[in-house]
Amino acid sequence: MKQIPTKFYSLFLLFALFSCLSLTSCDNSSSTEAGNVREAKGGRFYGGVFNVNETEYFRTLFPLNIVDVYSYRIASQVYEGLFKLDPKTLKVANGLAESYELSEDRLVYTIRLKKGVYFHDDAAFTSGKGREFTAEDVKYCLTRLATQSRDNQGFHVIGGVIKGATTYYNATASGAKPTNEIEGIKVLDTHTVQITLEKPNALFLNYLARPEAYIFAKEAYEKYGVDMGGKAVGTGAFVLADVEEDVSVILKRNDNYHGIDEAGNRLPYLDAVKVYFIKDKKTELFEFRKNKLDMVYRLPTDYIIDIIDEYQRADGSLPFELEHEPEMQTQILTFMTDDKIFKNADVRRAFSFAINKDEIFEYVLGGEAYEAGHHGITPPSFKDKGYPDDVYGYSYNPDSARYYFNKAGYRNAKDFPKITLELNAEGDRNTNVAVEIKKDLKDVLGVDVELNIVPMAQSTDKMMTGDFQLIKLSWIADFPSPEAFIRMFYGKDVPSTVGTVSYPNLSRYQNPEFDALYDKAMNAANEEEAIKFFAQAENVAMRDAPIIVLWYDEGYRLLQPYVKNFPNNPMQYRDFSQVYLEPKATENPNNAQAGN
């Protein structure tokens, strides 16, 4: 059970009240200017721009190379996979797939594709007009996913899953081009593809909903190559229209989008989505209060208290929506286990016991999180799936920290070199946490820590290539399963040399006992059995301490009241294709139309 600091009890009581109140509109002229919002069928509205902020600039929009949530949130509006997640339930839903059939042995998926789906118009196509999406595009993108390349970090999604994918991947080493195709991928006709698995996998459709399996145009990759990181030619509801580096991204409505809602309206409703990159949370909140942003996500609790004090009405309501959700996200420190210092598990254990996570939770985060306590990397949001909450972990214990430090051969800090903790700022939260960690390690073990604060993209490159000793990371599920967290310890695919990309095992941790349990989980007959083996595997890894679990995230979201059909969820999975903006109360949308 999460322990809430006493001073925040009244705040949480207010949350319950706000969730039950109907909030009235405030000035929303920035997004729903008169004449821009027009009525559609079923009480929906077309038009307007949804303005949102990210505190970090995206690293790449090329699906095969997406490893950070900032890139994912943008790319998921431009690209689509065969399947996607329902933003309300996080269950798998059809994307580019119209339907599918699964063989009795659970190995063969016959997937029928939607017809009349077109890629975005782009100079990569003849005459600049996007062509129709076909089964050959699925085969091409999955084959690229199984091809060794510096711009492909996603092979783990299908390696050992789709029949023949690993054989093909190995055959593409050093740029080689195999003469054979992937055995498990067959095009049956223009709009039907058949995928055969190595063995049954209950999560396979989830894998096809992940960004690595998004469908992009062959012509675009052949034209832009590595520049696909800043280009995006997909079939999604929005088109990448303008990129101003480190300032903003504009996603414009795809007028040729295939999606239609239950009332017959052609999607999307919005004219555009504009993503800003304001790093300072105070500035972001200020822009929201000026109605220049339609949402603010992840605010310090003290900020929220100030907002309540300033804006709460006599009846307890607010002029905007205030939501919070326990997330499928864990904040961690990751050790480079190939580093000469951190090869020693006892050093890692000493660090794990030396950090006072309770003080970080109480005084740095202000209660805006779930306490990690002594648990593992899998967040408590998976409890409803039956995942146990007794995974081995590390509570603050200076005596145990010094015991393992001594056991590792360090009698005093003079024998221990200065280390570097890499991090990205994410506003100022990560920096404040890192300062507290630095203090704890100095006070308990006498260890000197240098902080190296770098942009997120640079931090990502360091973690991928192993160019770090200790790094602060945020690990968020890209599909709703404990596997999304446990897989980061799987060691069979870790490269033999540092400098070569290792993903998702960033710590390069290796333990045959863990790998055997993970393999059993992946071969399990059902989710219940898989969870049992995942938990056993996680216990093995946590006792070896390749990471330090700091806290589990709980996201607070402020949303302008005119924003509709935009559910919150533990993954912060965002689908803007059905989001719409209501006009201001004083506005009379007299140029109504049934659809576009």
Side-chain angles (χ1 to χ4, degrees), residues 67 153 155-157 159-161 166 199 203 330 332-355 372 374-379 382 387-395 400-401 403-405 407-409 419 463-471 473 475 477 481-524 529-550:
V67 298
Q153 311 305 330
F155 172 65
H156 62 92
V157 173
V161 177
T166 300
K199 49 185 177 282
L203 293 174
T330 305
I332 61 177
L333 295 181
T334 296
F335 295 102
M336 169 44 58
T337 62
D338 275 343
D339 180 79
K340 62 181 180 180
I341 298 297
F342 294 122
K343 277 181 178 291
N344 191 324
D346 286 328
V347 173
R348 303 196 300 264
R349 294 177 184 121
F351 274 50
S352 300
F353 280 121
I355 295 174
H374 58 280
H375 301 299
I377 189 173
T378 305
F382 286 102
Y387 202 82
D389 62 357
D390 60 351
V391 173
Y392 184 82
Y394 300 84
S395 298
S400 293
Y403 166 79
Y404 281 107
F405 199 61
K407 186 180 177 184
I419 64 164
M463 74 182 187
M464 298 280 282
T465 59
D467 182 20
F468 67 93
Q469 291 180 294
L470 185 62
I471 193 167
L473 298 177
W475 198 264
S481 167
E483 188 209 339
F485 295 86
I486 310 303
R487 63 187 171 130
M488 74 178 305
F489 302 125
Y490 190 65
K492 289 186 177 180
D493 300 325
V494 172
S496 57
T497 57
V498 176
T500 303
V501 169
S502 178
Y503 184 81
N505 190 337
L506 305 173
S507 68
R508 301 176 188 243
Y509 166 75
Q510 292 177 293
N511 184 322
E513 183 183 0
F514 173 91
D515 292 344
L517 289 166
Y518 181 88
D519 287 337
K520 286 182 179 180
M522 296 303 292
N523 293 327
E529 182 181 344
I531 282 175
K532 179 182 72 174
F533 288 120
F534 279 138
Q536 291 177 16
E538 185 177 1
N539 269 304
V540 170
M542 290 305 298
R543 289 181 184 278
D544 288 340
I547 65 167
I548 299 174
V549 178
L550 297 174

**Request:** For F468 and L473, run side-chain contact (heavy atoms from CB on, under 4.5 Å): C-alpha distance rounded to whole Å, both residues' side-chain angles, the deciding distance at 0.1 Å, then the answer.
**Result:** CA-CA 12 Å; F468 67 93; L473 298 177; over 6 Å; no
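- Side-chain contact between I547 and T330 is absent, with no heavy atoms from C-beta onward closer than 4.5 Å.
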**Message:** Please determine whether side-chain contact (heavy atoms from CB on, under 4.5 Å) holds for the pair V549 and H375, giving the CA-CA distance in whole Å, both sets of side-chain angles, and the decisive distance to 0.1 Å.
**Reply:** CA-CA 8 Å; V549 178; H375 301 299; over 6 Å; no
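- If you take CD1 on I548 and CG on L470, they are separated by 6.5 Å, rounding to the nearest 0.5 Å.
- Nearest heavy-atom pair, Y509 versus F489, reported as atom, atom and distance to 0.1 Å: CD2-O, 3.5 Å.
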**Request:** For Y490 and D519, run side-chain contact (heavy atoms from CB on, under 4.5 Å): C-alpha distance rounded to whole Å, both residues' side-chain angles, the deciding distance at 0.1 Å, then the answer.
**Result:** CA-CA 9 Å; Y490 190 65; D519 287 337; 2.9 Å; yes
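- Using modelled atom types, one side-chain atom of T166 and one backbone atom of G160 make a donor-acceptor pair closer than 3.5 Å.
- Across all their heavy atoms, R508 and V501 have their closest contact at NH2-C, 4.1 Å.
- F351 is listed as a side-chain neighbour of I419, based on a closest heavy-atom distance under 4.5 Å.
- Ring geometry for F335 against F342 counts as tilted: the plane angle lies between 30° and 60°, on a 0 to 90° scale.
- Every residue meeting the side chain to side chain donor-acceptor pair (under 3.5 Å) condition with Y518, not counting sequence neighbours, appears here in chain and number order: E483.
- Judged purely by atom type and a 3.5 angstrom limit, Y394 uses its side chain to pair as donor or acceptor with the backbone of M542.
- The shortest heavy-atom contact between P388 and V391 is O-CG2, 4.2 Å.
- The main-chain N or O of S507 is found under 3.5 Å from a side-chain atom of T337 such that the two form a donor-acceptor pair.
- D544 places no side-chain N or O within donor-acceptor distance of the main-chain N or O of P546, the cut-off being under 3.5 Å.
- A pairwise comparison of heavy atoms in Y503 and H156 identifies CE2-NE2, 3.4 Å as the closest pair.
- Of the possible donor and acceptor atoms, one in the side chain of R487 sits under 3.5 Å from a partner among the backbone N and O of A484.
- When all heavy atoms of V67 and M464 are compared, the closest pair comes out as CG1-CE, 3.9 Å.
- T378 places no side-chain N or O within donor-acceptor distance of the main-chain N or O of P482, the cut-off being under 3.5 Å.
- Looking at every heavy atom in both residues, R348 comes nearest to K343 through NH1-O, 3.3 Å.
- Side-chain N or O atoms of D515 include one that pairs as donor or acceptor with a backbone N or O of G491 at under 3.5 Å.
- Taken to the nearest 0.5 Å, the CG atom of L517 stands 11.0 Å off from the CZ atom of F534.
- Taking 4.5 Å as the limit, some side-chain heavy atom of I341 sits within range of a side-chain heavy atom of V347.
- Considering OG1 of T334 and CG of L506, their distance stands at 6.5 Å, rounded to 0.5 Å.
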